[in-house]
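Down below is the structure, laid out as structure tokens.
In what follows, residues are counted from 1 in the order of the sequence shown.
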Amino acid sequence: MATALVCAVVTGVIATPGVAHADPSPPQRSLEDVHREVEDLYRKAESATDAYNAASEAQSRQEKSIVEIARSVTAAQARMARLKNQAGALARSQYRAGGMPDGARLFFDAAPDSFLDGVSLAHKGEQATRGLLAQVAATQKKLDGYAKAADERWKKLDGERKKKEDAKKEIETRLKDAKRLEERLEAKERERLRRIEEERAREAQRAWLATEAVKTVTLKEAGANASGASSASTTEGGRAVAFATAQIGKNYVWGAVGPDTFDCSGLTLRAWEAAGRAIPRTSQEQWRLLPKVDVKDMRPGDLVIYFKDASHVAMYVGDGTMVHAPRPGRQVTLAGAGSMPILGVVRPG
């Protein structure tokens, strides 16, 4: 009995003599709970993707900077070699003259005119020597500065590589966890999970469409279409929308910028690039750096930024609709612009 009581305390189950106790099974989670967890994992993976993309951009900048420093070092070293040759020639010239300073040799010149000419030449020689030495010192200072700058750039490069690797590990972990969760479900449950996801998106879209801001947008679009003002696809926004919608059906792949696969900001980057305008690589940088516009003033081609951390971006195409690369396991598609929590709207053009 004492042994049984000790075991019961250790296992956390108080056993009643003569009564069989089954091991407590973990509580069954509803599909709603699974949906929330899966979406949370994909959101965290997308946030890490933005960190990965930002680190990739920073790494590329540091690599270019190091190449530029190397070019500057090469040019400075070539200049130093030329200056050393000049200094060597000057030293050899003095050696051939017996090593006597120019000023001392002047006192042994018997002719007054020659003496005066020699003073002028000596002065010029001293100036040339001082100038040469100053150039050598300045060039050496530049080389020292380049060495310090290169060391700093290498440290930053190593830091960005570490950030990129950490972000990659987090992405892979989150995606693996989400995939594992979904694979545990039976086919019927996975289909129900997909329907839950779609219904949530529809509910959010309906609520968004009911807002006054969106009603203003759709009224403006209706007026513009009636006058033909927004029908021209020759505008920058129109060209960006044309490119983005042409990618519908292509797979989402984190870190991808086309032409066959995209992540969310990779799609908007290439779309505006096709329209002739360069924009930042990541959704967070797009939100931070591009001009912001009010939702009620939104027009096709504008970028809709989602979630508080600006970790997702889509392109508005009109009529309350956007095109985006949703997440791993999905393809570029059209969806309701209000189907996710909107942080704000930016306009590259």
Less than 4.5 Å apart, any side-chain heavy atom of [X] and any of [Y]?
| X | Y | result |
| --- | --- | --- |
| V313 | V304 | no |
| R190 | E186 | no |
| I248 | Q331 | no |
| R61 | S65 | no |
| V293 | D302 | yes |
| V317 | M322 | no |

Is there a salt bridge (Lys or Arg N to Asp or Glu O under 4.0 Å) between D158 and K155 once you walk through the steps? CA-CA 5 Å; D158 286 341; K155 287 177 182 176; over 6 Å; no
Indicate the atoms forming the closest heavy-atom contact of G320 with Q205, along with that distance. O-NE2, 2.9 Å
Smallest separation among heavy atoms of A244 and M315, with atom names: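 Minimum heavy-atom separation between A244 and M315: CB-SD, 4.0 Å.
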Backbone of [Y] reached by a side-chain donor or acceptor of [X] within 3.5 Å:
| X | Y | result |
| --- | --- | --- |
| S339 | G336 | yes |
| Q286 | P280 | yes |
| T74 | A70 | yes |
| E285 | A54 | no |
| N53 | T282 | no |
| R270 | V257 | yes |
| Y146 | A150 | no |
| D294 | D297 | no |
| K142 | A137 | no |
| R239 | A275 | yes |

Assign the ring pair Y306 / H312 to parallel, tilted or perpendicular, where the plane angle (0 to 90°) is split at 30° and 60°. tilted
Answer yes or no on whether K168 is positioned over the face of W254, meaning its NZ or CZ is under 6.0 Å from the six-membered ring centre and within 45° of the axis. no
Do the numbers put R43 on top of the ring of F307, so that NZ or CZ is under 6.0 Å from the six-membered ring centre and no more than 45° off the axis? yes
Measure the [atom1]-[atom2] distance between [X] and [Y] for me, rounded to the nearest 0.5 Å.
| X | Y | atom1 | atom2 | answer |
| --- | --- | --- | --- | --- |
| L289 | W287 | CG | CH2 | 12.0 Å |
| Q77 | M80 | CD | CE | 9.0 Å |
| E68 | S72 | CD | OG | 7.5 Å |
| H324 | L334 | NE2 | CG | 8.5 Å |
| L269 | L303 | CG | CG | 10.0 Å |
| D260 | Q247 | CG | CD | 9.0 Å |

Salt bridge (charged side-chain N to carboxylate O under 4.0 Å, His left out) partner of E197, the single match among R327, R192, R202: R327
Are [X] and [Y] ion-paired here, with the side-chain N under 4.0 Å from a carboxylate O?
| X | Y | result |
| --- | --- | --- |
| R200 | E32 | yes |
| E199 | R195 | no |
| E273 | R277 | no |
| R194 | E198 | yes |
| D177 | R180 | yes |

Does either side chain, that of [X] or that of [Y], offer a donor lying less than 3.5 Å from an acceptor on the other one?
| X | Y | value |
| --- | --- | --- |
| Q140 | D144 | yes |
| Q135 | R79 | yes |
| T321 | D319 | no |
| D50 | S283 | yes |
| S311 | Q284 | no |

In the single-linkage hydrophobic clustering (I, L, V, M, F, W, Y; side-chain heavy atoms under 4.5 Å), do [X] and [Y] co-cluster?
| X | Y | value |
| --- | --- | --- |
| M298 | M340 | yes |
| W272 | V345 | no |
| V346 | Y316 | no |
| L143 | V136 | yes |

Determine the sole option in K163, K169, K162 for which the side chain to side chain donor-acceptor pair (under 3.5 Å) test with D166 is passed. K162
Check against salt bridge (Lys or Arg N to Asp or Glu O under 4.0 Å), R36 and D40: CA-CA 6 Å; R36 278 192 293 270; D40 183 59; over 6 Å; no
Apply side-chain contact (heavy atoms from CB on, under 4.5 Å) to K164 and list each qualifying residue two or more places apart in sequence or on a separate chain. Y52, A55, S56, Q59
